[in-house]
Visitor: 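The structure's right below; bear with me while I get my questions together.
Here is the naming used below: chain letters follow the sequence lines, and residue numbers restart at 1 for every chain.
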2 protein chains.
Amino acid sequence: MNLDYLQTFIAIARESHMTRAAEQLHLTQPAVSAQLSKLEDELGQKLFDRTSKGMVLTEAGRTFKVYAERSLAAMEDGRTALDELIGLRSGSLAVGGGATATTYLLPPVLGRFHEEQPEIRFFVREQSSQQSIVDVLEGKLDLGIVTLPIKAPNETREPISRLEIVPWVEDELRLIVPPDHPASGAKSFEWGDLDGQPLVLFEAGSAVREIIDERVEKAGIDLDIVMELRAIESIKQMVAQGIGAGFVSQFALSRADEGLRCLKDPISRRLAIAYRSDRTQSPAARAFFEMLQSQSSAGSDSSLSS
Amino acid sequence: MNLDYLQTFIAIARESHMTRAAEQLHLTQPAVSAQLSKLEDELGQKLFDRTSKGMVLTEAGRTFKVYAERSLAAMEDGRTALDELIGLRSGSLAVGGGATATTYLLPPVLGRFHEEQPEIRFFVREQSSQQSIVDVLEGKLDLGIVTLPIKAPNETREPISRLEIVPWVEDELRLIVPPDHPASGAKSFEWGDLDGQPLVLFEAGSAVREIIDERVEKAGIDLDIVMELRAIESIKQMVAQGIGAGFVSQFALSRADEGLRCLKDPISRRLAIAYRSDRTQSPAARAFFEMLQSQSSAGSDSSLSS
DNA sequence: TTTTGGTGATAAATAATTGTTATGGGTGGT
DNA sequence: ACCACCCATAACAATTATTTATCACCAAAA
C-alpha cells in the first residue's frame with residue numbers, strides 16, 4: 001500500500017473529479033484511475049461512485065477519508081519533526097563531565113548555545129571521566145568531557161574501538177593555601193613545601209586526584225590528607241577556613257594569576273571530548289561539539305566565557 | 001512512499017536486527033536493507049546506526065518512529081472502520097416518506113432492524129413524496145417511501161434516469177365518519193354520499209389529497225372541506241369530534257375492518273421504495289431495503305408489525 | 001433524434017520499482 | 001588468524017506503475 005494512493009484518493013475526493021485530481025498530482029488520468037482501483041480492491045469496497053459528471057464519495061469513501069487524512073498527516077508531521085531536528089528547532093543533548101567541566105567550563109558554552117538554539121534540551125551529568133566514557137559507549141551520553149589519559153573501561157561490553165577522543169582544553173592545577181599559610185601570597189611552590197602539610201583533596205578515583213597522587217609519589221613526599229571532597233567549591237571553602245591547602249583547576253579560580261603554580265613541572269592535564277564515531281551524532285550534538293571546539297581555540301583565558 | 005516501508009522500519013526498530021526483521025516480514029535481508037535505505041533517503045536522515053551486532057536507532061529514528069506508528073495505526077483504523085460498515089457494526093441510514101409511511105409503516109420495521117443492528121443510526125424524515133424523490137436524487141436520502149405514480153421533479157438538476165422505483169405495499173384509503181354520522185357503522189360508501197358533506201382532509205399537495213381530489217372530480221360532486229391538516233392523527237381526532245368525515249390510510253386504523261370502503265372503486269394507492277441505482281448503497285441501506293421487501297410480502301395485514 | 005463534449009475505464013507498451021540470489025566488507029569473538 | 005555474524009551491494013528476475021491511445025458511457029445541446 002502506497003501513501004501516494006491515499007494522496008490520490010484525497011485529491012479525487014477534494015476535486016470530485018478524477019481528471020482534475022490527476023492534473024494536480026502531475027499524473028495522467030489512467031494512472032489515477034488505476035491507483036484508485038487498487039486502493040478499492042485492497043480495502044474491498046468502492047470508495048467512489050463514478051458518474052458522468054465526476055466522482056461521488058460512497059459512505060465507505062466518506063468513512064475512509066478521515067483515516068487516510070490522518071495517516072498522511074502523521075507522515076507529514078514525522079517529516080516536519082525530522083526537519084526540526086536538523087534545524088535544531090528540537091532535539092536534546094546529553095553531556096557528561098567532571099566537576100571542573102560541568103561547574104566552570106560548560107556553563108558559559110551551554111549558555112551561549114542555549115541562546116542560539118533555545119529549543120534544544122540539555123542533560124548535563126557530573127561524574128567521573130570513567131563513567132562518562134562508559135556512558136558515551138553505551139549511548140547514554142552524546143558527548144563526554146574527560147581528562148586524558150583515559151583508561152579502557154571494563155564495566156561495559158561495548159567495543160572501545162570507535163571511541164573518538166578529541167583534545168579540548170589544557171588545564172593547570174594550582175595550589176591554593178589558607179590566608180595565614182606561610183606560602184600565602186606566593187606565586188609558586190615546590191613539592192617539598194608540601195611535605196607533612198595538611199591537605200584538602202578531591203576524593204580518590206577522580207582524575208585530578210590521580211594526577212596529584214602520581215606527582216606526589218614521584219616527588220617522594222608524604223601528604224597529610226585531612227579531608228577528601230567531591231566538590232570544588234567545598235575544597236575552596238575548606239582551604240579558606242584554614243583546614244589545609246588544596247589543588248584546584250585554574251578554571252575554578254576567579255583571577256588567572258590566582259593560586260600557586262608548580263614552576264619546575266606544571267601540573268597540567270588535558271581535557272578532551274569523547275564520543276562514538278560509529279554512531280550518528282544528533283544535529284544538536286554535532287552543533288554543540290563544534291561550538292566546544294571553537295570556544296577552546298578562541299578563548300585561552302581561564303574563564304572561557306569570552 | 002510505501003506504507004510497507006514504515007512497517008519494515010518498525011520491525012527493524014523492534015528487533016534491533018535487520019535479518020530477524022526480514023524473516024518476520026517474509027522478506028530477504030537485502031530487500032529490507034533496500035527498503036530502509038529508500039526510507040532514509042526520502043527522509044534525508046539516517047534512522048539507524050549499523051553495528052556489527054545489529055541496528056541502533058538514531059535520534060532521528062527514535063523521533064520518526066512515533067509518527068510511523070501513528071500513520072500505520074491510522075490506516076489500520078481505517079480498515080477496521082470499513083469492515084464495521086460492511087458488518088453493519090456502524091453506519092447510518094436516512095429514510096424519507098409520507099405521513100402514513102413514517103407514522104405507521106416504518107416504525108415496526110425500524111424497530112426490528114434496530115434490534116438486529118443496534119449500532120446503525122437512523123434519520124427518518126416525514127415529507128412529501130416529491131421532496132423524498134428530490135432528496136434521494138441529491139443523495140440526502142438513502143431510501144424514500146413514495147406514493148405512486150411519481151412525477152418528475154423539476155427542482156433539481158440531478159438526472160432522473162437512474163432513479164429506481166420498487167413497488168412496496170398496497171394501501172387503501174378509508175372513509176371515517178363521526179360517531180353520530182348517518183353512515184356510522186356502515187361498511188362502505190359511495191361518492192354520492194359525500195356530496196355537500198363536511199370533510200376533514202389532508203392539505204393540498206399531499207399524495208393522499210391528490211388521489212381524493214382526482215376521484216371527487218371524476219364523481220362530479222362538490223366537497224365541503226372544512227379543514228385541511230397535515231397529520232393523520234389530527235384528522236382522526238377531528239373526525240371523532242364530529243367536525244366532519246375524512247379519509248385516512250387503512251394502516252392508520254387499528255382494526256382491519258375499520259372505516260368505510262368505496263366498494264365500486266376502492267381508493268387504493270401503491271407505495272414504493274425509491275433509491276438511486278447509480279449510487280452505491282451503504283451496507284445498512286441495502287440491509288434495510290431487503291428487510292422492507294421481505295416485510296411487505298410476508299405481512300399483508302394492516303399493521304405490518306407481524 | 002443525432003451529435004458533441006466530457007466523464008472514467010481499458011489495453012498495450014514502456015518505465016520504474018521491488019525482490020531474490022550471490023557475494024563482499026567490516027567487526028567482534030574464538 | 002580464522003570464523004561467524006552483521007549489513008551493503010550487484011546483477012538479474014519479477015512485479016508494479018505510468019503513459020499513450022482508445023473505448024464506452026452519459027448528458028446536454030443541436
Visitor: Can you find an N or O donor on one side and an acceptor on the other, under 3.5 Å apart, linking the side chain of Q35(A) with the base of dA17(D)?
Guide: no

Visitor: M18(A) has a side chain; which of dT21(C), dA8(D), dA9(C) sits nearest to it?
Guide: dA9(C)

Visitor: Less than 4.0 Å between a side-chain N and a carboxylate O, is that true for R269(B) and E214(B)?
Guide: no

Visitor: Contact class for S37(B) (heavy atom, under 4.0 Å): base, sugar-phosphate, or nothing?
Guide: nothing

Visitor: Whole-Å distance between dC25(D) P and M55(A) CE?
Guide: 17 Å

Visitor: Return the value, rounded to whole Å, for the distance between atom CD of E23(A) and atom P of dG8(C).
Guide: 11 Å

Visitor: Is it true that the side chains of R125(A) and Q131(A) contain a donor and an acceptor less than 3.5 Å apart?
Guide: no

Visitor: Tell me the closest heavy-atom pair linking V146(B) and S132(B), and the distance in Å.
Guide: CG1-CB, 4.0 Å

Visitor: Of the options dT19(D), dA8(D), dC7(D), whose atoms approach the side-chain atoms of P30(B) most closely?
Guide: dA8(D)

Visitor: Would you indicate which nucleotide in dT20(C), dC6(D), dC26(D) comes nearest to any side-chain atom of H17(B)?
Guide: dC6(D)

Visitor: Could you tell me whether Y5(B) contacts a base, only the sugar-phosphate backbone, or nothing, with contacts defined as non-hydrogen atoms closer than 4.0 Å?
Guide: sugar-phosphate

Visitor: Can you work out whether T28(A) or I12(B) has the more 5'-proximal nearest nucleotide on DNA chain D?
Guide: I12(B)

Visitor: When you measure from the side chain of A34(A), which nucleotide among dT18(D), dC7(D), dT20(C) comes out closest?
Guide: dT18(D)

Visitor: Which of these nucleotides, dT20(C), dA9(C), dT18(D), is closest to any side-chain atom of A31(B)?
Guide: dT20(C)

Visitor: Given dG8(C), dT18(C), dA17(D), which nucleotide is nearest the side-chain atoms of K38(A)?
Guide: dA17(D)

Visitor: Output the single nucleotide from dG28(C), dA8(D), dA28(D) whose closest atom is nearest the side chain of K53(A).
Guide: dA28(D)

Visitor: Do the side chains of E42(B) and K38(B) get close enough for a salt bridge, i.e. N-O under 4.0 angstrom?
Guide: no

Visitor: With nearest nucleotide decided by heavy atoms, which residue, T51(A) or H26(B), maps closer to the 5′ end of DNA chain C?
Guide: T51(A)

